[in-house]
K.L.:
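Here you go, one structure.
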Amino acid sequence: KNEVEQSPQNLTAQEGEFITINCSYSVGISALHWLQQHPGGGIVSLFMLSSGKKKHGRLIATINIQEKHSSLHITASHPRDSAVYICAVSPTGNQFYFGTGTSLTVIP
Amino acid sequence: NAGVTQTPKFQVLKTGQSMTLQCAQDMNHNSMYWYRQDPGMGLRLIYYSASEGTTDKGEVPNGYNVSRLNKREFSLRLESAAPSQTSVYFCASSGLATRIETQYFGPGTRLLVL
């Protein structure tokens with residue numbers, strides 16, 4: 001049973017395209033996180049949100065608590081955006097359920 | 001600040017050998033976590049420590065032990081390694097366990113058990 005489902009699993013885009021990655025979850029949560037895992041393996045947190053929308057540069061994250069759904073958007077995609085994007089949800093401070101990730105490749 | 005550091009970066013073990021993965025953070029965080037990441041699966045929590053002196057099991061604790069040595073350091077020990085423990089291990093830390101906070105991850109340790 002997966003508490004967090006992401007789609008698509010793999011995504012290839014041309015440089016400059018608008019990209020959307022989706023995340024659906026099945027548990028009640030206090031917050032949702034979007035993480036980026038670089039090809040070298042390092043993981044960094046992009047967003048933590050519990051409602052509405054957050055924007056950081058070309059990245060936008062939205063969440064709909066009622067529908068248990070979140071999206072990560074990348075505007076004007078660039079090859080350096082190529083990475084695995086991971087959605088994670090926190091029911092409580094010590095619980096994290098992670099999706100399996102979306103592998104994004106942006107072609108020049 | 002180094003953030004979260006892990007050693008070693010890569011290790012090969014034979015079945016039955018033991019080893020300890022080290023993790024340290026310099027952000028004065030209270031909470032620390034050990035995860036494993038396997039192909040086709042999301043990160044899974046092995047153990048966590050909400051504060052210095054406390055540890056609790058996560059989703060997949062069998063075959064592992066942990067020690068929260070002090071506020072900075074949280075180690076993960078494999079007493080008798082098995083091939084099923086071949087994985088990439090990540091340590092993470094966050095400010096408080098009593099509220100939701102961003103987690104900061106270490107660079108990972110790739111472990112191969114033959």
Side-chain angles (χ1 to χ4, degrees), chain A residues 1-10 21-52 54 56 59 61 63 65 70 83-103, chain B residues 2-6 8-10 23 25 27 29-51 54-61 66 68 74 87-111:
Chain A
K1 173 177 176 290
N2 294 326
E3 288 83 3
V4 181
E5 298 280 357
Q6 287 185 237
S7 62
Q9 284 189 313
N10 298 286
I21 299 171
N22 295 300
C23 175
S24 297
Y25 54 92
S26 59
V27 296
I29 67 169
S30 297
L32 182 141
H33 308 254
W34 282 103
L35 311 170
Q36 181 191 54
Q37 185 166 24
H38 299 291
I43 299 172
V44 296
S45 179
L46 298 174
F47 294 103
M48 181 178 72
L49 64 167
S50 55
S51 65
K54 286 191 175 180
H56 183 224
L59 302 177
I63 187 169
I65 296 291
S70 175
V84 175
Y85 293 84
I86 300 170
C87 174
V89 298
S90 303
T92 67
N94 287 321
Q95 279 183 302
F96 286 83
Y97 297 113
F98 294 84
T100 54
T102 294
S103 179
Chain B
V4 180
T5 57
Q6 290 182 235
K9 285 187 166 52
F10 182 72
C23 174
Q25 52 90 11
M27 295 173 282
H29 283 165
N30 288 301
S31 300
M32 297 184 74
Y33 309 82
W34 275 107
Y35 295 98
R36 61 179 288 173
Q37 185 179 42
D38 300 296
M41 304 185 75
L43 287 155
R44 292 183 292 169
L45 182 64
I46 305 171
Y47 271 94
Y48 66 94
S49 171
S51 61
T54 69
T55 61
D56 286 286
K57 294 179 181 179
E59 183 185 352
V60 288
V66 290
R68 184 74 182 266
F74 188 38
S87 188
V88 181
Y89 292 85
F90 288 95
C91 177
S93 71
S94 65
L96 290 173
T98 53
R99 64 181 193 197
I100 308 298
E101 294 198 357
T102 297
Q103 289 199 344
Y104 295 84
F105 288 83
T109 295
R110 292 184 177 274
L111 176 65

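Both backbone and side-chain heavy atoms feed into the values below; hydrogens, waters and symmetry mates do not. Note that the structure is predicted; figures quoted are calculated from it, not measured. The sequence lines fix the lettering, A, B, ..., with proteins before strands; numbering per chain opens at 1.
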K.L.:
What part of B:E59 gets closer than 4.5 Å to chain A, counting heavy atoms only: side chain, backbone, both or neither?
P.N.:
neither
K.L.:
Where on B:Y104 is there a heavy atom nearer than 4.5 Å to chain A: the side chain, the backbone, both, or neither?
P.N.:
neither
K.L.:
Would you give the length of the straight line joining atom OH of B:Y35 to atom CZ of A:F98, rounded to the nearest 0.5 angstrom?
P.N.:
4.0 Å
K.L.:
What part of A:I86 is in contact with chain B, defined as an atom under 4.5 angstrom from a non-hydrogen atom: side chain, backbone, both or neither?
P.N.:
side chain
K.L.:
Can you measure from OG1 (A:T100) to CG (B:D38) and round to the nearest 0.5 angstrom?
P.N.:
12.5 Å
K.L.:
Hey, which of B:R110, B:R44, B:Q37 has the most heavy atom pairs under 4.5 Å with chain A?
P.N.:
B:Q37
K.L.:
What distance do A:I43 atom CD1 and B:L43 atom CG have between them, rounded to the nearest 0.5 Å?
P.N.:
4.5 Å
